[in-house]
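I have placed the structure first, in the form of structure tokens, so that the comments after it can refer back to it.
Heads up: numbering here begins at 1 and tracks the sequence.
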Amino acid sequence: AGSLMTTKLSQPQSTLAKSLTSTSTNAPYFKASESTEFPPYVTNCPSNGLCSRLPPDCMTCNTNYSCIYGKPATFDCKIKPHVHCVDENNHEQENFTINMTCQFCWQLATSDYVCTNSTNCMTVSCPRQRYNATCTVRDHIHCLGNRVFPKMLYCNWTGGYKWSTALALSITLGGFGADRFYLGQWREGLGKLFSFGGLGIWTLIDVLLIGVGYVGPADGSLYI
């Protein structure tokens with residue numbers, strides 16, 4: 001009976017010892033993996049640069065929405081974890097201030113953000129078409145509100161067609177429809193080719209229309 005009791009007691013102890021051993025063995029492994037992980041924004045944050053010139057994703061600022069629109073404003077900011085920066089005296093700091101104009105991101109100048117382009121709208125239509133674009137503020141620009149915002153923009157993409165080339169073809173070889181072929185308008189080109197430029201009348205009209213930019217590429221893009 002005594003040996004049976006010893007066997008029953010020793011079995012849970014050995015199982016417990018194995019679990020403790022496996023836990024203690026795996027613990028340092030998980031700690032090491034966690035210590036080497038960094039947030040995604042760290043890759044965009046220059047190390048040991050000026051704190052005031054860090055991209056907005058590298059800092060957290062107390063936004064003051066009571067500032068006067070269009071006027072300079074000062075905001076208190078703090079760097080995010082794993083970000084290192086210095087002041088003008090090359091001293092490492094965590095808290096700093098930035099100066100910027102009091103305005104929302106969608107009110108910035110067009111040179112301060114980048115927007116997506118659309119190749120599905122006609123740039124030469126009348127009235128000129130617009131499309132829904134998604135705009136993102138450049139990294140070195142600070143503003144209020146969302147840094148990614150929607151905006152209605154005019155169609156302004158290009159397919160690589162040159163206005164000077166189209167005009168030159170219209171003047172020299174317009175009677176054979178070369179200008180229309182160049183712009184991708186095959187039906188009009190064939191019409192001019194077999195009618196000898198509409199006996200010259202169609203050729204003169206196309207020179208005028210291409211010269212003022214009324215006739216453009218068939219894909220609806222702008223001249224370059």
So, Cys102 with Cys67, SGs under 2.5 angstrom?
yes
Tell me, please, which residues at least two apart from Leu204 pass side chain to side chain contact (heavy atoms under 4.5 Å, CB included).
none
Would a distance-only check, ignoring hydrogens and angles, find a side-chain to backbone donor-acceptor pair under 3.5 Å from Thr97 to Phe75?
no
Start with the C-alpha gap between Asp206 and Ser170, add the side-chain angles, then the distance that decides, and say whether side chain to side chain donor-acceptor pair (under 3.5 Å) holds.
CA-CA 7 Å; Asp206 271 359; Ser170 183; 5.5 Å; no
I want to check something: taking the side chain as every heavy atom from C-beta on, are Cys143 and Pro56 in contact at a cut-off of under 4.5 Å?
no
Under 3.5 Å, is there a donor-acceptor pair linking the side chains of Asn99 and Thr74?
yes
Applying side chain to side chain contact (heavy atoms under 4.5 Å, CB included) to Asp87 and not counting sequence neighbours gives Asn89, His91, Gln93
Kindly give the cluster partners of Phe181, where membership spreads through any ILVMFWY side chain lying under 4.5 Å from a current member.
Trp186, Leu190, Phe194
Applying side chain to side chain contact (heavy atoms under 4.5 Å, CB included), name anything that partners Pro150, two or more places apart in sequence or on another chain.
none
What I'd like to find out is whether the side chain of Val215 reaches to under 4.5 Å of the side chain of Gln185, using heavy atoms alone.
yes
Lys78 side chain near Asn62 side chain, heavy-atom distance below 4.5 Å:
no
Look only at the side chain of Arg180 and the backbone of Gly191, and say whether a donor-acceptor pair between them is shorter than 3.5 Å.
no
Using a 6.0 Å cut-off, check whether atom CZ of Arg130 has over 12 heavy atoms from anything other than its own residue.
yes
Remaining members of Tyr131's ILVMFWY cluster at a side-chain heavy-atom cut-off under 4.5 Å?
Leu153
Mind checking the OG1-CD1 spacing from Thr203 to Ile171? Nearest 0.5 Å is all I need.
11.5 Å
Between Cys45 and Cys58, is a disulfide (SG to SG under 2.5 Å) present by the stated rule, with each step listed?
CA-CA 6 Å; Cys45 303; Cys58 306; 1.9 Å; yes
Check: Tyr113 ring centre within less than 6.0 Å of Phe149 ring centre
yes
Side chain to side chain contact (heavy atoms under 4.5 Å, CB included) filter on Gln103, not counting sequence neighbours, yields Tyr69, Thr101, Gln107, Leu108
So, Asp57 and Lys80, do they make that salt bridge, N to O below 4.0 Å?
no
